[in-house]
Amino acid sequence: MSRFREPQHPDFQRLNASISFDRRLWPYDVAQSRAHARMLAERGIIASEDRDAMLKGLDAVERELTEDRFEFEPGDEDIHMAIERRLTEIAGPVGGKLHTARSRNDQVVTDLAMYTRERAEAARVAVEALMAALLERAREHSDWAMPGYTHLQRAQPVYLGHHLLAYFWMLARDRARFEFARREADRLPLGAGALAGVSFETDRRFVARELGFAEVVPNSIDAVSNRDFVLDYLNAAATCATHLSRLGAELVLWCSSEFSFCELPDEWSSGSSIMPQKKNPDAAELLRAKAPRVVSHLAALHGVMHALPLTYNKDLQEDKEHLFDAIDTIELALAAATGMIAGVSFDRERMSEAAADELTAATDVADMLVGLGVPFREAHGVVAGLVRTAVDSERPLSGLTTDELRAHSPLLAEHEGRFRELLTQESWLESKVSEGGTSLARVRAQLELARATLDGPPRS
C-alpha cells in the first residue's frame with residue numbers, strides 16, 4: 001500500500017536518487033547496521049535470534065559488496081535502501097526489523113559522520129607526510145641563499161630552508177583544521193530518529209561505543225539537521241588546497257628557464273605532444289587549478305545550508321557530492337605535492353646568483369642609517385635616491401663613488417667602509433636576527449621547533 005496514487009515520474013526518480021554517488025558509504029552503513037542490531041537485542045527490542053539472523057545476513061551483504069557481486073536494482077534509491085533490500089532478500093522478513101528505532105534521516109548522517117571522521121584523519125596523516133618532506137628539504141637547504149620576493153620582484157635574500165618552512169607552518173595549521181573536523185564528526189547522530197527521537201528505550205551510548213564515537217549528539221533535531229562537520233572538513237580542505245596552490249605556483253615559476261632554481265622529478269612532469277624538448281610542470285600546475293574546485297564545494301554547501309529550516313530537508317542530499325569530490329581532490333593533491341617536494345632538486349649556484357643583486361641590500365643600508373640616528377622615513381628616502389643613481393647609471397650600489405655617497409648623505413661617506421661591507425650577500429642574510437627571521441641561527445632554531453611540532457600533537 002502506498003500513500004500515492006500515481007507512480008513517480010522517471011525524471012524525478014533520477015533527480016531524487018543518490019545511489020550513483022553514495023555507494024562509497026556502504027562499509028559505514030553495514031557497520032552501523034551491525035551496531036544497531038546488537039543494541040536492539042541488548043535492549044530487548046528484538047529477539048537475540050533476530051539479531052543473529054540480521055548479522056549473518058549483513059555478513060553476506062558485505063561479502064557481495066566487497067567482491068563487487070552486489071546487484072543494484074532500479075528501485076534502489078540510495079545505498080541504505082539497497083542494503084536493507086538485499087538483507088531482507090537474504091535473511092527474510094526479519095531484515096525488515098533492522099529499521100526499528102531508526103530513520104533514514106539519522107542513518108544517513110551517521111554514515112556520513114563516520115566517513116568524514118575517517119577521511120579527516122587520513123587527510124591529517126597526508127598533511128603530516130608533506131610537512132615531513134618539507135622539513136627534511138628545509139634541513140638539507142638550511143643555508144642555501146635565494147631571493148625573497150614581494151610583488152614577484154626581488155626584495156630581500158633569504159635561505160631556501162627558511163622559505164620552505166613557511167609552507168611547513170601553513171600545513172601545521174591545516175593539520176589542526178583537519179583534526180578539528182575529525183573531532184566535530186566524532187558525535188553519534190543515530191538514535192535521533194526522523195527528528196524527535198524514537199519511541200523505544202534505546203541505548204545510544206552502546207552504539208557510540210560500538211562505532212568508536214566519543215559522544216552522542218545531545219539534541220535529536222540538531223542530530224539530523226547538522227552538517228557542520230562536513231563544512232568543517234570542506235573548510236580545512238579548501239584552505240589546504242589554497243596553500244598547495246601557492247606551493248604549486250612557486251614550483252612552476254622556479255623550474256622555468258627564466259628562474260631555473262629547481263628541476264622537478266620526471267615522475268611528476270609531462271612532455272609536450274609537439275615539442276620534444278619540453279618538460280612541463282603539469283602536476284604543480286594542477287595544484288594551482290584544483291584549489292578553486294575545492295573552495296567551490298565549500299561555498300556550494302554553505303549555499304545549500306543557508307536559511308534551511310529545521311530539521312531534515314532533501315536539500316541535504318547535496319552534501320555528499322561536494323564532500324566526496326573535495327576528499328578525492330585534496331588527498332590526491334597532497335600526495336602529488338609530497339612527491340614533488342621529496343624529489344625536487346635545487347640549483348644552489350643559480351639561486352645564489354639571483355640573490356646576489358646588491359639592490360636587495362637597500363633596506364639594510366636604510367637600517368644602518370637608522371642606527372646612526374636618522375629617522376627611518378628619511379633614511380628610506382636617502383637610500384631610494386641612492387638606488388635611483390645606481391640604476392640610472394647602470395651600476396651596482398658598490399660602484400658608486402665616495403662623492404656620490406656624500407651627495408645623498410654625509411653619513412654614508414663617513415661610514416663608507418661599513419656601507420660597503422653591507423653589500424656582501426652573507427651580511428644581508430645574517431643581519432635578520434629577529435625571532436622568526438632568516439639568519440642561519442634563527443633558521444636552525446626554527447628547524448628544531450618544526451621537528452617538535454611535527455612530532456607532537458596537532459595544534460588546535
Side-chain angles (χ1 to χ4, degrees), residues 126-127 129-138 140-141 144-174 237-297 325-326 328-357 360 438:
V127 166
L130 179 52
M131 290 170 67
L134 283 162
L135 179 56
E136 178 61 20
R137 304 318 303 276
E140 294 170 353
H141 304 89
W144 287 33
M146 67 171 292
Y149 295 85
T150 63
H151 307 279
L152 207 54
Q153 304 294 316
R154 291 177 186 172
Q156 293 177 305
V158 297
Y159 288 121
L160 175 57
H162 188 55
H163 193 108
L164 293 175
L165 283 170
Y167 287 105
F168 176 94
W169 297 113
M170 292 182 203
L171 287 158
R173 297 190 294 272
D174 291 329
T239 304
C240 183
T242 299
H243 290 156
L244 297 182
S245 78
R246 301 182 76 179
L247 176 62
E250 293 206 317
L251 290 174
V252 171
L253 289 171
W254 290 355
C255 72
S256 67
S257 300
E258 284 69 21
F259 278 75
S260 297
F261 286 178
C262 70
E263 182 178 359
L264 291 175
D266 289 351
E267 60 185 343
W268 293 104
S269 304
S270 302
S272 166
S273 64
I274 191 172
M275 296 170 284
Q277 83 281 9
K278 295 288 295 301
K279 182 178 182 180
N280 297 326
D282 286 359
E285 291 172 359
L286 286 168
L287 289 186
R288 295 185 307 195
K290 295 294 186 182
R293 175 174 176 163
V294 178
V295 172
S296 70
H297 288 309
D325 186 72
D328 294 343
T329 301
I330 196 63
E331 290 184 359
L332 185 57
L334 282 165
T338 303
M340 283 188 284
I341 288 298
V344 66
S345 59
F346 295 97
D347 188 328
R348 185 172 193 171
E349 183 177 349
R350 173 60 186 147
M351 289 191 300
S352 180
E353 177 187 345
D357 185 351
T360 60
T438 197

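Basis for what follows: all heavy atoms, side chains included, without hydrogens, waters or symmetry-related copies. Along the sequence shown, residues carry numbers from 1. Quantities reported herein were computed from a predicted structural model and do not represent experimental measurements.
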(request) With sequence neighbours left out, write down each residue that passes ring-ring contact (aromatic ring centres under 6.0 Å, His included) with His297, or none if nothing qualifies. (result) His322
(request) Can you see which heavy atom on Leu334 is nearest to which on Cys240, and at what distance? (result) CD2-SG, 3.9 Å
(request) Hey, could you give me the CE/OG1 distance between Met170 and Thr242, rounded to the nearest 0.5 Å? (result) 10.5 Å
(message) With a 3.5 Å distance limit and no angle check, can you tell me whether Tyr167 reaches the backbone of Arg246 through a side-chain donor-acceptor pair?
(response) yes
(request) Please confirm whether the backbone N or O of Arg293 pairs with a side-chain atom of Ser296, one donor and one acceptor, at under 3.5 Å? (result) yes
(request) Search all heavy atoms of Ala337 against all heavy atoms of Leu247 and return the closest pair with its distance. (result) CB-CD2, 4.3 Å
(request) Say whether, by atom type as modelled, one donor and one acceptor occur between the side chain of Arg137 and the main chain of Val344 under 3.5 angstrom. (result) yes
(request) Taking the side chain as every heavy atom from C-beta outward, state whether Phe261 and Pro147 have any pair of such atoms under 4.5 Å apart. (result) yes
(message) Using side chain to side chain contact (heavy atoms under 4.5 Å, CB included), reason through Leu165 and Leu135 one step at a time and then give a plain yes or no.
(response) CA-CA 7 Å; Leu165 283 170; Leu135 179 56; 4.1 Å; yes
(message) Looking at every heavy atom in both Ala284 and Leu264, which two are closest together, and how far apart are they?
(response) CB-CD1, 4.4 Å
(message) Return the CG to NZ distance between Leu332 and Lys290, rounded to the nearest 0.5 Å.
(response) 7.0 Å
(message) Contact between Val295 and Thr239 at the side-chain level, heavy atoms closer than 4.5 Å - yes or no?
(response) no
(message) Name the residue from Trp169, Tyr149, Trp254 that meets the ring-ring contact (aromatic ring centres under 6.0 Å, His included) definition with His163.
(response) Trp254
(request) For Lys279 and Cys255, indicate whether the former's side chain and the latter's backbone hold a donor-acceptor pair under 3.5 Å. (result) no
(request) Could I get the full list of ring-ring contact (aromatic ring centres under 6.0 Å, His included) partners for His141, not counting sequence neighbours? (result) Trp144, Phe346
(message) With rounding to the nearest 0.5 angstrom, report the CZ to CG distance, Phe259 to Asp347.
(response) 14.0 Å
(message) To the closest 0.5 Å, what do you measure between CG (Asn280) and CD (Glu285)?
(response) 6.5 Å
(request) Output the distance between atom CE (Met340) and atom CD (Glu267), rounded to the nearest 0.5 Å. (result) 10.5 Å
(message) Can you confirm whether Leu251 sits close enough to Pro281 that some side-chain heavy atom of one is under 4.5 Å from a side-chain heavy atom of the other?
(response) no
(request) Would you name the heavy atoms of Ala126 and Thr338 that are closest together and state the gap between them? (result) O-OG1, 4.4 Å
(message) Main chain of Ala145, side chain of Ser352: is a donor-acceptor contact present, judged purely on distance under 3.5 Å?
(response) no
(message) Tell me if a side-chain donor or acceptor on Thr329 pairs with a main-chain N or O of Ala326 at a distance below 3.5 Å.
(response) no
(request) Report the distance from atom CG of Asp282 to atom OG of Ser269, rounding to the nearest 0.5 Å. (result) 8.0 Å
(request) Check Leu287, Asp174, Leu130 against His243 for a side chain to side chain contact (heavy atoms under 4.5 Å, CB included) and give me the one that passes. (result) Asp174
(message) Could you report the tightest heavy-atom contact between Ser245 and Ala291, atom names first, then the distance?
(response) CB-CB, 3.7 Å
